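Please read these numbers as outputs of a predicted model, since none were measured by experiment. We're numbering straight along the sequence, starting at 1. All ligand and atom numbering here is 1-based and tracks the order in the structure.
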Amino acid sequence: MSGSVKVSMKRIFSGAQPTGNIHLGNYLGALRNWVELQHEYESIFCIVNLHAITLPQDPQLLANKTRDLARIYLAAGIDPKISVVFIQSDVPEHAELAWILNCVTRISELERMTQFKDKAGKQRESVGAGLLNYPVLMASDILLYQTDLVPVGHDQKQHLELTRDLAVRFNRDHGETFRVPEPFISKVGAKIMSLGDATKKMSKSDENASGSITLLDDADTVRRKFKRAVTDSGTDIRFDDARPAITNLLTIYQLLTGKEFADVEANFAGKGYAALKSELADVTIEFLRPLQERIHGYSDAELDRLFDAGRVRAQEIARTTLDDVKARLGLVGAQARGA
Ligand code: ATP
Ligand code: MG
């Protein structure tokens with residue numbers, strides 16, 4: 001990495017949790033944009049395993065999923081020569097800044113978060129405090145890297161707003177410390193809906209596995225899931241907010257083919273839902289095939305090198321921000337004494 005050129009570039013930061021199976025929503029809402037933006041921005045992509053443990057995880061599975069997710073990042077087009085990829089728990093500054101920002105965040109701000117309400121559900125009083133504090137850890141992830149732009153799906157918009165509020169509040173009280181990041185949320189594809197329920201987003205944590213097309217699904221599975229996908233009443237196939245299930249299928253088709261809205265609608269004019277589902281399955285299978293072939297092409301040793309280099313670069317930036325934060329708060333420990 002040629003330092004002098006990179007330093008002047010604006011920076012993006014984003015991440016995904018190594019839980020469940022990465023699906024088309026994650027790809028179309030987030031990963032796809034990371035791959036594009038990495039050429040214009042200094043790019044840092046994290047595997048947010050500390051976020052994953054806000055809900056119970058099997059330790060061995062979590063470890064395996066961490067590597068699987070890195071393989072998916074690479075297979076989807078993240079270029080390790082220009083982007084940093086690292087594991088969140090390798091850089092303890094994330095947890096340290098999260099504690100500090102917890103002291104700046106109001107409980108009422110966290111209780112308002114729709115993701116907390118959705119994920120806590122009826123167990124609101126008994127879920128771990130980590131689930132409530134999740135957005136504070138996310139704010140720490142972003143602010144540690146003096147991030148300019150955060151490419152995420154629509155579901156993370158509210159968390160990004162909190163991140164900005166915390167940065168502004170901290171800067172106001174303690175002097176200019178954090179860059180205030182902007183969200184990058186695509187106009188199309190930022191909220192891919194479940195195939196089983198078009199009022200819910202496609203989610204890794206959805207217990208209904210047939211609601212998501214995962215990036216590892218084989219051709220038969222893709223066909224079966226689209227075949228069973230819910231549709232709306234009516235027969236014509238066009239984008240229409242009042243018909244969210246069909247609009248969702250058309251959106252996936254549009255993004256995977258790169259066609260314009262009008263061309264997509266023209267393609268399906270006079271055809272039935274069965275044709276839409278079958279053509280959608282075809283383009284999805286064709287899209288997934290090369291990606292799936294690449295996924296197995298990365299050795300464990302290669303991933304170790306990626307994670308080690310990523311940790312070193314990430315920590316270098318994170319340390320600088322955290323040292324500044326601590327100094328501003330009067331947290332004078334060994335580092336301030338020069339020890
Ligand atoms: P979980 O249910 O465990 O929270 P998830 O599917 O929401 O899983 P995350 O790892 O939390 O996945 O999110 C990774 C990225 O994918 C985030 O930027 C998020 O906004 C984006 N994303 C998640 N679901 C969708 C979706 N249905 N459509 C578009 N983007 C999505
Ligand atoms: Mg999520």
Side-chain angles (χ1 to χ4, degrees), residues 12-37 43-58 61-62 65-66 68-70 72-73 76 78 85 87-88 113-121 127-128 130-131 134-135 137-139 141-142 147 149-163 181-216 225 229 244-245 247-249 251-252 254-256:
I12 59 174
F13 177 97
S14 200
Q17 302 185 73
T19 51
N21 292 310
I22 286 274
H23 49 73
L24 274 182
N26 302 130
Y27 178 79
L28 297 174
L31 252 172
R32 177 176 66 104
N33 293 329
W34 305 357
V35 171
E36 288 282 313
L37 292 167
S43 303
I44 305 179
F45 301 116
C46 188
I47 296 178
V48 293
N49 58 353
L50 296 176
H51 279 95
I53 61 167
T54 54
L55 290 172
Q57 303 294 338
D58 174 81
L61 199 60
L62 182 63
K65 290 276 177 195
T66 301
D68 291 349
L69 185 55
I72 288 173
Y73 282 7
I78 297 300
V85 175
I87 301 172
Q88 190 181 28
M113 295 289 130
T114 53
Q115 179 174 294
F116 171 67
K117 291 191 234 173
D118 287 348
K119 289 198 174 181
V127 290
L131 198 62
Y134 180 115
L137 180 59
M138 179 166 157
D141 299 341
I142 295 164
T147 303
L149 200 66
V150 187
V152 283
H154 185 269
D155 62 308
Q156 295 303 320
K157 188 166 181 269
Q158 196 184 29
H159 290 167
L160 242 301
E161 280 158 11
L162 178 68
T163 301
E182 297 288 337
F184 181 97
I185 298 172
S186 305
K187 283 204 179 61
V188 181
K191 194 169 187 186
I192 299 295
M193 308 312 278
S194 161
L195 301 185
D197 178 351
T199 65
K200 280 183 10 194
K201 83 168 188 75
M202 199 177 271
S203 271
K204 285 193 256 106
S205 56
D206 188 350
E207 64 274 5
N208 172 14
S210 55
S212 312
I213 302 282
T214 85
L215 299 192
L216 298 179
K225 286 181 178 174
T247 298
N248 189 44
L249 297 179
T251 300
I252 298 172
Q254 185 198 1
L255 291 171
L256 292 183

Give me the residue, atom name and distance of the protein heavy atom closest to [atom].
{"atom": "atom 11 (O) of ligand 1", "answer": "Q17 NE2, 3.1 Å"}
{"atom": "atom 2 (O) of ligand 1", "answer": "S205 OG, 2.5 Å"}
{"atom": "atom 24 (N) of ligand 1", "answer": "K201 NZ, 2.8 Å"}

Any N or O on [X] sitting closer than 3.5 Å to an N or O of ligand 1?
{"X": "K119", "result": "yes"}
{"X": "G15", "result": "no"}
{"X": "D155", "result": "yes"}
{"X": "Y134", "result": "no"}
{"X": "G25", "result": "yes"}
{"X": "N26", "result": "yes"}

Subset of ligand 1 atoms that lie under 4.0 Å from at least one heavy atom of [X]:
{"X": "G189", "value": "29 (C)"}
{"X": "G29", "value": "29 (C), 30 (N)"}
{"X": "S203", "value": "2 (O), 6 (O)"}

Listed once per pair and sorted, the salt bridge (charged side-chain N to carboxylate O under 4.0 Å, His left out) pairs that draw on residues 181-190, sequence neighbours left out
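Found R164-E182.
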Side chain, backbone, both or neither: the part of [X] lying under 4.0 Å from ligand 1 by heavy atom:
{"X": "H23", "answer": "side chain"}
{"X": "T19", "answer": "side chain"}
{"X": "A30", "answer": "side chain"}
{"X": "Q115", "answer": "neither"}
{"X": "K204", "answer": "both"}
{"X": "S14", "answer": "neither"}
{"X": "I192", "answer": "both"}

Just to verify, which of L137, I87, D141 counts as forming a side-chain contact (heavy atoms from CB on, under 4.5 Å) with L50?
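Testing L50 for a side-chain contact (heavy atoms from CB on, under 4.5 Å) against L137, I87, D141 leaves exactly one candidate, L137.
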Quickly, which of Q158, Q156, K157 forms a side-chain contact (heavy atoms from CB on, under 4.5 Å) with H154? Name it, please.
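Exactly one candidate clears the test, K157.
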Minimum distance, heavy atoms only, to atom 29 (C) of ligand 1: which one of G153, A190, S194 is it?
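Nearest heavy atom to atom 29 (C) of ligand 1 lies in A190.
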Shortest non-hydrogen contact from [X] to [Y]?
{"X": "V188", "Y": "Q254", "answer": "CG1-OE1, 3.9 Å"}
{"X": "M138", "Y": "L160", "answer": "CE-CD2, 3.7 Å"}
{"X": "A190", "Y": "I185", "answer": "CB-CG2, 3.4 Å"}
{"X": "G196", "Y": "N208", "answer": "CA-ND2, 4.3 Å"}
{"X": "S194", "Y": "N248", "answer": "O-ND2, 4.2 Å"}

Using a 4.5 Å cut-off on heavy atoms from C-beta on, say whether the side chain of V150 contacts that of P183.
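No, their side chains stay 4.5 Å or more apart.
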Answer yes or no: is there a side-chain heavy-atom contact under 4.5 Å between L195 and L249?
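Yes, side chains in contact.
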Just by distance, with hydrogens left out, do S212 and N21 show a side-chain donor and acceptor under 3.5 Å apart?
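Per modelled atom types, S212 and N21 side chains form no pair under 3.5 Å.
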Would you call the rings of W34 and F45 parallel, tilted or perpendicular if under 30° counts as parallel and over 60° as perpendicular?
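Rings of W34 and F45: parallel, under 30°.
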